[in-house]
**Q** 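The structure is given below, and queries will be raised subsequently.
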Amino acid sequence: MADVRVRFAPSPTGYLHIGGVRTALFNWLYARKTGGKFVLRIEDTDQERSTPESKAIILESLRWLGLTWDEGPEVGGDHGPYVQTERLGLYRAYAEKLIASGHAYRCTCTKADLDAQREALKARDPKANFKYPGTCRDANRPASEPHVVRFKVPTEGAVTYVDKVFGEIKTPNGAQQDFVLLRTDGIPLYNFGAVVDDTTMGITLVARGRDHMVNTPPQILIYEALGAKVPEFAHLPMMLAPSGEKLSKRHGAVSVTEYREKGYTPEGVLNYLVRFGWSCGDREIFSMEELVEAFTWETCGRGDGKFDAKKFLAVNHEHMKQDRLQSAQTYADRTKPFLVARGLTLPASDEHLMAALKTVRERSRTFIEAAEGADFYFRAEPVVDEAAATKFLVPAAAERLQGFTQALANAPAWEEKALDAAVHAWLEAAGLQIKDVAQAARVALTGRSASPGLFEVLAVLGREVSLARLEAGRARAAAAPAPAQNG
RNA sequence: GGCCCCAUCGUCUAGCGGUUAGGACAUCGGCCUCUCACGCCGGUAACGCGGGUUCGAUUCCCGCUGGGGUCACCA
């Protein structure tokens with residue numbers, strides 16, 4: 001299996017859909033696992049919808065995910081070009097070859113005419129199954145007239161292939177019609193373009209979504225007519241919306257771009273998607289290396305699955321938390337853009353940034369949450385949650401805050417353990433418990449009622465800032481109106 | 001409707017003839033605790049139905065039901 005060649009062939013008609021990412025991922029994993037090549041090809045033969053912007057977004061998304069390609073746009077390779085509209089001559093040549101060998105023919109029926117026939121039939125019998133009637137099948141139309149090229153599907157027999165995940169699939173030829181290979185303008189249709197490209201690019205295995213399973217029999221017919229080697233096929237079960245419908249924009253975020261913007265880690269995204277239709281016993285969380293190691297087509301499932309945003313978040317959370325999956329440095333680098341987006345000034349040293357992020361890491365499910373949670377470290381003054389301040393920075397807390405602050409100021413070293421010890425010594429002497437001052441101190445230091453542990457915060461914030469914020473909090477508490485007496 | 005595919009907790013799944021049907025997410029209790037989390041402990045929760053095959057079916061076969069995909073000069 002040293003010469004495995006697989007490909008991902010998106011059409012540049014929008015953002016990269018997470019369903020497409022999953023397809024790309026499985027191909028990529030197989031290539032990496034076998035030491036084969038992962039080829040990226042752009043199928044832009046739908047000129048109505050294809051855009052250069054979309055192509056750029058797709059390439060960027062794949063790079064962000066780390067699904068690097070060995071051959072394709074921007075990296076080159078020996079089987080290029082890797083964009084279909086740059087290969088038009090090839091399709092034309094192969095079509096001529098099929099006409100010459102009697103496997104295809106020119107058809108001058110117009111689309112308008114065929115559409116009319118289809119509708120007429122449907123009007124007569126809504127359940128009827130329209131197939132191209134074969135008007136031009138044996139008519140030998142001249143090349144001088146406007147025409148499409150159709151494949152001459154055998155009237156007898158069936159196509160049988162062994163799918164790597166679904167097993168043997170058999171489809172009678174009678175169920176197929178003489179499909180179009182080349183349009184009037186000479187641009188190939190999906191099935192033809194894919195086969196010509198896959199065969200000329202030496203693709204050995206085609207893995208794609210189950211929604212393409214219906215395309216496999218006609219494609220195999222083309223390979224055979226061309227006298228080309230038929231590649232292996234592996235279809236992946238569908239990823240459906242929670243409602244059971246096909247997953248689309250109306251079901252929430254479906255593009256990689258959105259998850260990137262929401263602060264997901266690329267590995268988290270990939271890890272969630274790989275568990276769709278693939279499993280490895282009870283294991284759920286994998287690093288990319290582990291995935292490459294564990295991947296096989298045999299352990300792919302066949303049942304469709306439903307997208308679950310909560311599980312997705314949970315899987316991402318694991319990748320956010322585990323140091324094994326993401327180093328502190330990577331975590332910091334990835335959080336930076338989100339910090340900047342909040343208008344915060346990044347600390348001069350990565351060490352300080354990493355120390356701050358370490359305190360919010362386990363409670364952050366995304367980088368957005370990490371940036372939000374660490375917000376108070378990077379402002380001159382914390383953004384104050386007024387409800388929390390009103391509740392905890394009350395006159396009764398002023399004195400305790402002062403004692404707390406004093407204890408800290410006298411600590412032998414501004415370091416978590418020492419601060420903790422100093423505060424507890426004071427607490428004991430004053431006959432208080434940490435909970436008697438914790439929330440007031442927390443609001444003074446962070447502006448909120450929920451934050452990382454007090455001593456962690458103090459240590460990261462530093463002596464000067466901490467003492468200043470505590471004093472400001474004490475002042476506010478002392479000046480606050482006494483809470484209403486009751487009972 | 002034709003063709004193709006699928007079927008274990010709400011969701012993702014383990015299971016490859018004999019299990020108290022396991023894990024994860026979600027959910028509900030509890031513990032931990034300076035808050036929020038994290039972590040830990042525990043609960044609720046599944047083999048769609050009917051025939052076979054077999055000493056024995058979640059597991060193998062058939063049918064049914066249910067669900068999905070696809071039927072373009074889109075991909």
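Below, read A as the first sequence line, B as the second, and so on, with proteins coming before strands; counting in each chain starts at 1. Every value quoted in this text rests on a predicted model; they were computed, and no experiment measured them.
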**Q** Taking the side chain as every heavy atom from C-beta outward, state whether F286(A) and L325(A) have any atom pair closer than 4.5 Å.
**A**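 With C-beta onward as the side chain, the pair stays apart.
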**Q** What's the gap between G52(B) and G10(B) when it is taken at their C1' atoms, as a whole Å value?
**A**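 Comparing C1' positions in G52(B) and G10(B) gives a spacing of 33 Å.
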**Q** Using a 4.0 Å heavy-atom cut-off, does S11(A) contact any base of the nucleic acid, only the sugar-phosphate backbone, or nothing at all?
**A**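 Sugar-phosphate: the residue S11(A), judged by heavy atoms under 4.0 Å, touches backbone atoms but no base.
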**Q** Check whether the side chains of Q439(A) and R442(A) place a donor and an acceptor atom closer than 3.5 Å, and report yes or no.
**A**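 There is such a pair between these side chains.
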**Q** Indicate whether OP1 or OP2 belonging to C73(B) is found under 4.0 Å from a side-chain N or O atom of R118(A).
**A**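 Affirmative; the distance criterion is met.
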**Q** Using Watson-Crick or G-U wobble geometry with both distances under 3.5 Å, which nucleotide pairs with G39(B)?
**A**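 By the stated definition (distances under 3.5 Å), C31(B) pairs with G39(B).
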**Q** Check for me: is H212(A) stacked on G69(B) by the 5.5 Å centroid and 30° plane-angle rule?
**A**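 By the stated criterion, H212(A) and G69(B) do not stack.
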**Q** Is it possible for you to check whether R150(A) lies under 6.0 Å from the centre of the six-membered ring of Y132(A), through NZ or CZ, and within 45° of that ring's axis?
**A**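 R150(A) over Y132(A) ring: yes.
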**Q** Nearest heavy-atom pair of H147(A) and P142(A): which atoms, and what distance?
**A**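 Reported closest heavy-atom pair: ND1-O, 4.3 Å.
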**Q** List in numerical order all residues of residues 162-184 of chain A for which some heavy atom is under 4.0 Å away from an atom belonging to RNA chain B.
**A**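 F166(A), I169(A), K170(A), T171(A), P172(A), A175(A), V180(A), R183(A), T184(A) - these, ordered by number, are the residues of the stretch whose heavy atoms sit under 4.0 Å from the strand.
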**Q** T45(A) side chain N/O closer than 4.0 Å to the phosphate oxygens (OP1, OP2) of A75(B)?
**A**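 For A75(B), OP1 or OP2 has a side-chain N or O of T45(A) closer than 4.0 Å.
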**Q** Parallel, tilted or perpendicular: which one describes the rings of F233(A) and H235(A), with boundaries at 30° and 60°?
**A**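 Rings of F233(A) and H235(A): parallel, as their planes differ by under 30°.
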**Q** Taking any heavy-atom pair under 4.0 Å as a contact, classify S449(A): base, sugar-phosphate, or nothing.
**A**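 Base contact - S449(A) has a heavy atom under 4.0 Å of at least one base atom.
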**Q** Taking 4.0 angstrom as the limit, do E86(A) and R41(A) come out as a salt bridge?
**A**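 Salt bridge absent between E86(A) and R41(A).
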**Q** At under 4.0 Å between heavy atoms, what does E284(A) touch on the DNA or RNA strands: base, sugar-phosphate, or nothing?
**A**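 Base, at least one base atom sits under 4.0 Å.
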**Q** Test E372(A) against R448(A) for salt bridge (charged side-chain N to carboxylate O under 4.0 Å, His left out), laying out the working first.
**A** CA-CA 12 Å; E372(A) 187 176 63; R448(A) 318 164 183 184; over 6 Å; no
**Q** What's the shortest heavy-atom distance between L454(A) and A438(A), and which atoms?
**A**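 Distance-wise, the nearest heavy atoms are CD2-CA, 3.7 Å.
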**Q** Can you find a heavy atom in the side chain of V149(A) that is under 4.5 Å from one in the side chain of L98(A)?
**A**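 No; the side chains remain at least 4.5 Å from each other.
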**Q** Evaluate Y259(A) against N316(A) for side chain to side chain donor-acceptor pair (under 3.5 Å), listing each step before the verdict.
**A** CA-CA 10 Å; Y259(A) 287 97; N316(A) 192 65; over 6 Å; no
**Q** Does D178(A) form a salt bridge (charged side-chain N to carboxylate O under 4.0 Å, His left out) with R137(A)? I'd like the steps, not just the answer.
**A** CA-CA 8 Å; D178(A) 284 359; R137(A) 187 170 165 113; 2.9 Å; yes
**Q** I'd like to know whether D197(A) forms a salt bridge (charged side-chain N to carboxylate O under 4.0 Å, His left out) with R7(A), so could you lay out the CA-CA distance, the side-chain angles of the two residues, the decisive distance to 0.1 Å, and finally the verdict.
**A** CA-CA 10 Å; D197(A) 288 343; R7(A) 46 71 161 184; over 6 Å; no
**Q** Given the P atoms of U54(B) and G42(B), what is the spacing between them in whole Å?
**A**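 So the two P atoms sit 43 Å from each other.
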**Q** Let me spell it out: for each of F307(A) and L114(A), pick the nucleotide of RNA chain B with the closest heavy atom. Which residue's pick is nearer the 5' end?
**A**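 Whichever sits nearer the 5' end wins; that is F307(A).
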**Q** C73(B) and G67(B): how far apart are their C1' atoms, nearest whole angstrom?
**A**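 Approximately 33 Å lies between the C1' atom of C73(B) and that of G67(B).
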**Q** Heavy atoms under 4.0 Å, any strand shown: does D115(A) hit a base, just sugar-phosphate, or nothing?
**A**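 If one applies the 4.0 Å heavy-atom cut-off, D115(A) turns out to touch nothing in the nucleic acid.
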**Q** Within residues 360-370 of chain A, find the residues that approach RNA chain B with a heavy atom at under 4.0 Å, and present them sorted by residue number.
**A**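 RNA chain B contact set from residues 360-370 of chain A: E362(A), R363(A).
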**Q** Treating R365(A) as the side-chain partner and A314(A) as the backbone partner, does any N or O pair qualify as donor plus acceptor under 3.5 Å?
**A**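 Pair absent, no side-chain N/O of R365(A) close to backbone of A314(A).
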**Q** Provide the distance between the two C1' atoms, one in C62(B) and one in A45(B), to the nearest whole Å.
**A**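 The answer is 31 Å between these two C1' atoms.
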**Q** The side chain of I434(A) lies closest to which of these nucleotides: G23(B), C34(B), U70(B)?
**A**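 Closest nucleotide to the I434(A) side chain: C34(B).
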**Q** Evaluate the criterion side chain to side chain donor-acceptor pair (under 3.5 Å) for residue pair R208(A) and T216(A); output intermediate values, then yes/no.
**A** CA-CA 10 Å; R208(A) 73 245 283 207; T216(A) 304; 3.0 Å; yes
**Q** Is there a Watson-Crick or G-U wobble partner for A46(B) with both distances under 3.5 Å, and which nucleotide is it?
**A**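 Pairing partner: none.
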**Q** Please name the nucleotide paired to U58(B) by Watson-Crick or G-U wobble geometry with both distances under 3.5 Å, or report none.
**A**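 Its partner is none (no Watson-Crick or G-U wobble pair with both distances under 3.5 Å).
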**Q** Taking the P atom in each of C61(B) and G2(B), what is the distance between them to the nearest angstrom?
**A**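 So the two P atoms sit 24 Å from each other.
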**Q** More 5' along RNA chain B: C280(A) or L454(A), using each one's nearest nucleotide?
**A**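 First, find each residue's nearest nucleotide; the 5'-ward one identifies C280(A).
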**Q** List the steps and the verdict of salt bridge (charged side-chain N to carboxylate O under 4.0 Å, His left out) for R106(A) and E96(A).
**A** CA-CA 10 Å; R106(A) 298 188 181 86; E96(A) 287 303 327; 3.2 Å; yes
**Q** Side chain of L189(A): nearest nucleotide among C34(B), C74(B), U70(B)?
**A**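 Looking only at heavy atoms from C-beta outward on L189(A), the closest nucleotide is C74(B).
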**Q** Considering non-hydrogen atoms only, spot the tightest contact between Y331(A) and S364(A) and give its length.
**A**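 It is OH-CB, 3.8 Å.
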**Q** Within the 3.5 Å criterion, strictly below it, is a donor on R183(A) or T45(A) matched to an acceptor on the partner's side chain?
**A**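 There is no such pair (donor and acceptor under 3.5 Å, judged by atom type) between the side chains of R183(A) and T45(A).
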**Q** Classify C109(A) by what it touches in the nucleic acid, base, sugar-phosphate, or nothing, heavy-atom distance under 4.0 Å.
**A**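 Base contact.
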**Q** Restricting to nitrogen or oxygen on both sides, can you table the protein-nucleotides 60-68 of chain B pairs closer than 3.5 Å?
**A**
{"unit_1": "G68(B)", "atom_1": "O2'", "unit_2": "R210(A)", "atom_2": "NH2", "d": "2.9"}
{"unit_1": "G68(B)", "atom_1": "O2'", "unit_2": "D304(A)", "atom_2": "OD2", "d": "3.3"}
{"unit_1": "G68(B)", "atom_1": "N2", "unit_2": "R210(A)", "atom_2": "NH1", "d": "2.9"}
{"unit_1": "G68(B)", "atom_1": "N3", "unit_2": "R210(A)", "atom_2": "NH1", "d": "3.4"}

**Q** Report the distance from atom CZ of R49(A) to atom P of A75(B), rounded to the nearest whole Å.
**A**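 From R49(A) CZ to A75(B) P: 8 Å.
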**Q** For nucleotides G66(B) and C55(B), find the distance between their P atoms and express it as a whole number of Å.
**A**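 That atom pair is separated by 35 Å.
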**Q** Check the orientation of F307(A) and Y272(A). Use parallel for under 30°, tilted for 30 to 60°, and perpendicular for over 60°.
**A**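 Ring orientation, 0 to 90° scale: perpendicular.
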**Q** Would the base of C34(B) count as contacting R442(A) through its side chain, where contact means a donor and an acceptor less than 3.5 Å apart?
**A**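 Yes, a donor-acceptor pair under 3.5 Å.
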**Q** Under 4.0 Å, heavy atom to any atom of RNA chain B: which of residues 120-134 of chain A qualify?
**A**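 Heavy-atom cutoff 4.0 Å gives K127(A), N129(A).
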**Q** Between the protein and nucleotides 39-42 of chain B, list the N/O to N/O atom pairs that are separated by less than 3.5 angstrom.
**A**
{"unit_1": "G39(B)", "atom_1": "OP1", "unit_2": "K321(A)", "atom_2": "NZ", "d": "2.9"}

**Q** In whole angstrom, give me the gap between the P atoms of G43(B) and C60(B).
**A**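 Comparing P positions in G43(B) and C60(B) gives a spacing of 30 Å.
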**Q** Which base sits across from A24(B) as a Watson-Crick or G-U pair, both distances under 3.5 Å?
**A**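 Answer to the pairing question: U11(B), which forms a Watson-Crick or G-U pair with A24(B).
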**Q** Does any nucleotide pair with U70(B) by Watson-Crick or G-U wobble geometry, both distances under 3.5 Å, and what is it?
**A**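 Result: G2(B).
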**Q** Please enumerate all protein N or O atoms sitting under 3.5 Å from an N or O of nucleotides 26-28 of chain B, with distances to 0.1 Å.
**A**
none

**Q** Can you classify the ring geometry of F151(A) versus F179(A) as parallel (below 30°), tilted (30 to 60°) or perpendicular (above 60°)?
**A**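 Answer is parallel, since the angle falls under 30°.
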**Q** Using a heavy-atom cut-off of under 4.0 Å over every strand shown, decide if G277(A) touches base, sugar-phosphate, or nothing.
**A**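 Result for G277(A) = sugar-phosphate.
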**Q** Is it true that the side chains of Y377(A) and T359(A) contain a donor and an acceptor less than 3.5 Å apart?
**A**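 Yes.
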**Q** C1' atom, C38(B) versus C31(B): distance in rounded Å?
**A**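 Going atom to atom, C1' in each nucleotide, I get 14 Å.
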